[in-house]
Every structure is written in C-alpha cells, then in structure tokens.
Amino acid sequence: MNPATYLEHLNPEQLAAVTLGRQSALILAGAGSGKTRVLTTRIAHLIQTGQVSPGGVLAVTFTNKAAKEMLTRISSLLPINPRGMWVGTFHGLCNRLLRAHHREANLPQLFQILDAQDQLSTIKRLMKLLNIDDEKFPPKQVMYFINNAKEQGLRANDVDAPDDMTQRYRDIYLAYEQQCQREGTVDFAELLLRSFELLSRNEPLRQHYQARFKFILVDEFQDTSRFQYEWLKQIAGKENAVFAVGDDDQSIYAFRGAHAGNMQTFVREFAVEKIIKLEQNYRSQGNILDAANVLIGHNSERLGKNLWTAEGAGEPIRLYAADSDFDEAQFIVEEIRALIKDGVAASQIALLYRSNAQSRVLEHALFSASVPYRVYGGLRFFERQEVKHALAYLRLIANPEDDTALLRVINFPTRGIGARSIEQLQEAAREQGISLWQAACMKGGKDSTKGVPAFVLLIESMRHETTGMDLAEQVEHLLQASGLVAHYQASKTEADRVENLEELINAANAFLKEYDGERTEEMPDTLTAFLTHAALEAGDNQAQSGQDAVQLMTVHAAKGLEFHSVFISGLEEGLCPHENSLFEQDGLEEERRLMYVAITRARRRLYLSFAQSRMLHGQLRYGVPSRFLQEIPEKLLKPINAPQSQAAASSAWEEPRTLGSTGIAPGSPSAETETGQTFRIGQNVLHAKFGPGVIVHCHGRGVNAEVEVNFRQSGMKRLALQYAKLNPA
DNA sequence: GTACTCGTCATTTTT
DNA sequence: TGACGAGTAC
C-alpha cells in the first residue's frame, strides 16, 4: 500500500505517534481512540520507509488474541511475511527465546510448559512426598508464594526467610525448583524468570538481541508487571526505542501483578520526551463519554486525559432502580427484546457484571424468555479434564520424564494401578533420584499384561506406532489406544466429553495448517510445538460460539471490546465497588477504573441498574446504590422508574433524596454518635461480634442514633450506636 | 474404584 | 444458593 494512503485517515496525534522517529515514547491511548491502529500502522510504516526490517521489530501484547489481531492487521497493510517479526505475548516471546537458547538456559529443548493446574498438582504431589501438612501450608498459598518470588526475580535460595513459616515455604520452593528441572518443565512465571536470567547473564546474547530489536512496541503497557518491565529493560538496552501504548485509566489488573506505575517509571528511565495523548474517541457518543470522564475524574492517581468525540451527545444513559435482582434481570430482558425488535443484533448487546455469580439470574431470565445468549468465562478448551488427559498421553510420548503427565494418566482410564503401586513408584523414584517413568520401567517383571509393566508397554507401543504419523493422526491414535474415548463413551454422565476429544483432533489439524509450514529453528518438533500452544493459549473460554447471541461477561472480560448497547448491572455498594476492594491499597480507584472500562464499552446506548435486594451466597442482601452512580452527573441520566415496592418504601429509600428524580440514595443520610463518629448508608463496618457488614439504614443522633446493618454472616441487625461496638471497616 | 455425603467457600484472570 | 473437594461407605 502507498504510505500516503494508510497515513491519510489518521488524526494529528495518531499521525505523530505513527511517524515518530527512533526514540522512546509513551502513547496514552484512551478507550476507543484507535490504539491498535496506531500500533499496527506504525510497524507497517517503519518497515515501509526502510527504518527497520521485519526482523528488527519486537511487539509485545498481553493476550494471544491481541497478538494475532496485530499480525493480521500488519499483513493487510504490508505484503510481507510477518514471520520475521517477533510479535507475541511476554510468555510467548520468552518461550521462543528459551527454545532457541535452551542449552544456555539449561533446559532440554523439548521442555514442557506447565499451566496453573499442572503447577498446582506438581506442588501438591511434592508436598505429599515431603510430608508437609497441607492444612498448615495450603498448596494454593505455596503456589502463590513461588510465583510471587519469581515475579520478584528471586530463586528459592534468594528468598529471605526470617521465620520458620517462610523458611518452610522456601524449602518447598527449592524442592519444586529441583523437581521442575528434573522433569524438564517450566511454569509461566519461570518462562519470564528463566529468559530474564538468560539475557542478564549472557552478555553476548543480550547484545545480540539488543542489536537486533531496534524498535520495541508494547501494547497495554499499564498491564505490565514490575518484572515484565525489568525484562523489557533487559532486552531493550540503552539504545533502542520503546514505544509504549497504554491507558492508566484502564488498569484493572493490579490484583494479578499489573503495575500501572511502570508508565511513570518508563518515562523517567527511558528519558521519554514524547508523551502523546490519543483522546479522540471513535466509539461512544457524547453522553457516554461525559459520564466516563466525570467518573474517572474522581480518581487522584492519574496521568490525565479527557476523551472527546466528534459525534453528538446521543441518547441519555438509562438508569433503572430494581426492587430485586430478579426484577433487574426481568427489566434487562424486556429492554433487550425491544432492542432486538428495533434491529440491534443480539451480539451487539452486552450484559456486564462485576462478578461471575451475578450471571445466574440474568441467564435464567434470558433463558425463560428464549433470548439467545452466550456466557464468557469458565473452563477453556485446553483446560478441560478430558483434553488434559489426552494431552498428558501426548506429553508422555514427547517426554516420558514428565512426572506430572504420567501421574495424570497412569491410572486413567483405570487399569488397576492403585494408590499403593503409585506410592511405591514415587518412593523408588525419590530414593534413586530418577523419574517416575524410569522407576516404572525398572519395575518390569513377572506379568507384563497388568499393572505398571502394562502401562509402560502401552506408552512405548504408542510411541512406536505414532512415529511417522502427523500430529492429528497421532492424537487420534492416542485417543483410541489409551482407551480414553472408550472410557467416556461408556460413561452415562460424561459422554459429551467425547465431542471435545474429537475436537482435539480438529485442533491438531488446525494447528498443523497454521504452523507446520513455518517450522522454525526454535521449534523443530511439531508435537512439542502443539503442547506449547496448548499450554500458552488455552483456547476459547466461551460456550457455544456461532449464532447471534447476547453477550454476558464480567467487566474484566469486556475490556477491549465494544457493543452497540451495554447493560451494567448490579451497581450496588459491596458489589461494585466490591466490598473486598475497599480493604485493598488503591482498591477503590481500581474499582472506579473498572466502572470506567464498563461504561466506555458502549457505542450508543448504556443502561445502568442496581437492585435493592439481591440473593447472594444463599442470603438475601439489601444493597445501596453504588457511589459510582452518584458520581455521574444527573443531567446525563434518565431514570426509567422510581422504586415502588413495599420493601423499598420501608428501607433506605425513605431518606430525603438530594438527587431527587434520579432515585439515587443520597450520599449522606448518616447517624452520628455522641463522640462525633458518623456512620452513613452504604458504609462497610466491622462489628466485634457480627463481623463485617454494610449499613443499610441510619436514624437518630447522639444517644438515640441507630443503624441497621446487613451483616455478611448474621444478616440484618438493628444496632444502637451508643452500645454497639461498631467500627468503620 | 465408585457413588455418595458432608463441609466449606464464595471478586476480577491471562499466560 | 450451589459448586467443588475431601472423605466415607460399599
């Protein structure tokens, strides 16, 4: 394509970002401001104008989906083979690096990648072996400890252990480290750490890559963790230009290590001169953007940005106050039907919520009204147990030393190898410092038609019979030979899993088509490549795709997407913002960003709703409208109703309304104690006896001050502040 | 080994 | 409320 053509439709800021020379820059790209376009156009432009060859480009994204999208869009701009470019997730790129330099990284070339499940089961197994009480040391905590250490760049021996407890954790970490090394397995955090160490310890290698990647681009920079940032520094060196694109207002993954503060650090450490703000929004209409802008304005830790649109104000934001979660769902379904009737595609309607538990009522209502819908979340394809079983057989073919895989299938389908035999194997393996597979092979002997010897034979014959087959044939053969298909077919309750096994053959075929022609020096083995693919991208996590259906998902899952119409439901204190977040550092601001992300998903129509009562954990809870609703200017909102039920009339709703017509409870109906301590509706409190709860109703002052509190455990209580030991949470 | 019961737990999640 | 894991009984 002619450069003039693809540069033509960019706005001035986008153009400046795209055509920036070789210098580090921070692009603050607001929601819907065309950041992917900027990224891909820049890469195309750099190559087109000869500033760099494809091999000199490194682009990092957070999801495989984003990486794929980027490659597709670059290919549509440029007639080049994008293969020379390194575009991928942090983990994908680390994998590539480690495969290419496995010797230097002290790994077998065919190392296997453990997903979170595998990692946890490895830890559990190890702890059992070491006789560690899993009550005192919950395996999940151990996993968290290990990953946390790795995220700080620490090996087991580097971890500070001031007390016995930590020391014990460290011991397990050490054992885990050794176990992985023995098995040739690598977890997600290890991919990062290992490749970081590879680069930092191997100067020639580091220089090689630093010389190669002249232009480094990072997408969703606000989501980088501290360690990922260090990793970037390592590969970028001092000379190279890092082009970081991100939006601090959309940082919603702090809970899993994202550190938006990297943006400021980056500006400082990379001597960034150019900070370009992309503020023109091409997605939402004015009212929606105004609401988003005002809301996010309540956050203090911001780099500062204001979205605007060339389009008109559009429709007002609709606000619905529901009596109950049931009523809320009912309302949403009615509106959805009306929208669909007006010609909006069902797939252009999204139903967003803070936590997955909220989807149930909504699903139920949609189902009853026979509105087609699709729920995102839940198990992903490669995480399903039947698929993991099948993959375990594949893994054993590729590498029999893989204890995790062996344990997974040594007795699945059942073949008479009980817990005792397995313990014996583990015992033998530990004593002699060998793998379970080796121990199993030695246990040969008398009757090779049963038990462990039969299993050894089975795996070996599988390996022989599959040599020479292509990947899909191998998968198909293993499914049969292992007895997996027969097992599931025979099952009454799990027969549907056979479909997924068949789907695995399709996945193998699809994988072959996509990757086999492009075998690289880093990845000569198709089987390992496929297993890596399975671990690194677990596949879709949406149920039944296809079909035009309403989309249900958490706000987190909606990031990066857009819809004609968006419903944000459950806007109650305790849910959104989530009560747990209030205890966290920067928690409330992150919740507000979440709300910001949710709002900016909508193109034309936005519905906000809350319910005064909601079934949660089997208990009826009375909620108070989210403070975020009060932060949105009233003039942008159009109340659909005022609450009318008896329940509503007798509860918090009777308090004077400062916001009048919107039906939003005021921010300050409060009760004050003699000592001057005040409590207000919606506030989270802690009671000495009843534990945590939310204030639902306040009345009186001084010695007469009373509050009604909905306690998490014990439900509604009316307390006289004079006596109750109530503290703000 | 499997089917059942009981107890526990309950944001958000990609790689 | 309901999903899941561990433990128990056959």
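Atoms considered below: every heavy atom in the structure, side chains included; atoms not considered: hydrogens, waters and symmetry mates. Only a predicted model underlies this, so the values are computations on that prediction, with no experimental measurement involved.
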Check: Is the shortest side-chain N/O distance from A:S355 to OP1 or OP2 of B:dA10 below 4.0 Å?
Finding: no
Next item on the list: Before accepting this row, confirm whether a basic side-chain N of the pair A:E230/A:R226 lies closer than 4.0 Å to the acidic partner's carboxylate O.
Entry: no
Margin query: Quick check, does A:F62 stack with B:dT14? I mean ring centres under 5.5 Å and planes off by under 30°.
Written below: no
Margin query: Distance check needed: B:dT2 P versus A:E494 CD, whole Å only.
Written below: 10 Å
Notebook entry, point to check: What does A:E584 touch in the nucleic acid at a heavy-atom separation under 4.0 angstrom: a base, only the sugar-phosphate, or nothing?
Noted result: base
Notebook entry, point to check: Between B:dT13 atom P and A:L561 atom CG, what is the distance in whole Å?
Noted result: 13 Å
Next item on the list: Return the value, rounded to whole Å, for the distance between atom CG of A:L352 and atom P of B:dT13.
Entry: 12 Å
Note to self: Is there a side-chain contact between A:R380 and the phosphate of B:dT15, meaning an N or O under 4.0 Å from OP1 or OP2?
What the structure shows: yes
Margin query: Would you say A:N356 places a side-chain N or O within less than 4.0 Å of OP1 or OP2 belonging to B:dT13?
Written below: yes
Checklist line | Whole angstrom value for the distance that separates P of B:dA10 from CZ of A:R621 | finding: 14 Å
Check: Within the structure shown, what part of the strands sits under 4.0 Å from A:Q119 by heavy-atom distance: base, sugar-phosphate, or nothing?
Finding: nothing
Note to self: Restricting to non-hydrogen atoms, name the atom on A:Y173 and the atom on A:A149 that form the minimum distance, rounded to 0.1 Å.
What the structure shows: CE2-CB, 3.7 Å
Tabulate below the donor-acceptor pairs under 3.5 Å that side-chain atoms of residues 58-66 of chain A make, not counting sequence neighbours, or state none.
unit_1: A:T61; atom_1: OG1; unit_2: A:T63; atom_2: O; d: 3.1
unit_1: A:T63; atom_1: OG1; unit_2: A:A66; atom_2: N; d: 3.1
unit_1: A:N64; atom_1: ND2; unit_2: A:L536; atom_2: O; d: 3.2

Item checked: Ring-on-base stacking B:dT12 with A:H556 (under 5.5 Å, under 30°) -> no
Check: Applying the salt bridge (charged side-chain N to carboxylate O under 4.0 Å, His left out) test to A:R593, which of A:D249, A:D586, A:D248 qualifies?
Finding: A:D586
Checklist line | Residue pair A:F137 / A:M127: nearest heavy atoms and the distance that separates them | finding: O-CE, 3.0 Å
Margin query: Tell me the interatomic distance from A:H91, atom NE2, to B:dT13, atom P, rounded to whole angstroms.
Written below: 17 Å
Check: Please give, in whole Å, the distance from B:dT13 C1' to A:M143 CE?
Finding: 12 Å
Checklist line | Atom pair distance, as rounded to whole Å: CD in A:E383 and C1' in B:dT13 | finding: 10 Å
Check: What is the minimum heavy-atom distance between A:A398 and A:L531, and which atoms define it?
Finding: CB-CD1, 4.2 Å
Notebook entry, point to check: So, A:D118 and A:R395, do they make that salt bridge, N to O below 4.0 Å?
Noted result: yes
Check: Should the pair A:H91 and A:F188 be assigned to parallel (<30°), tilted (30 to 60°) or perpendicular (>60°) ring geometry?
Finding: perpendicular
Notebook entry, point to check: Within less than 4.0 Å of OP1 or OP2 of B:dT12, is there a side-chain N or O belonging to A:N580?
Noted result: no
Margin query: What contact category does A:D115 fall into here, base, sugar-phosphate, or nothing, at under 4.0 angstrom with non-hydrogen atoms?
Written below: nothing
Notebook entry, point to check: Separation of A:I252 atom CD1 from B:dT14 atom C1', in whole Å?
Noted result: 12 Å
Margin query: So if I define the base as every atom that isn't primed, P, OP1 or OP2, how would nucleotides 1-10 of chain C read as a B/S/- string at a heavy-atom cutoff under 4.0 Å?
Written below: BSS-------
Notebook entry, point to check: Considering only side-chain heavy atoms of A:T414, which listed nucleotide, B:dT12, B:dT2, B:dT15, is closest?
Noted result: B:dT2
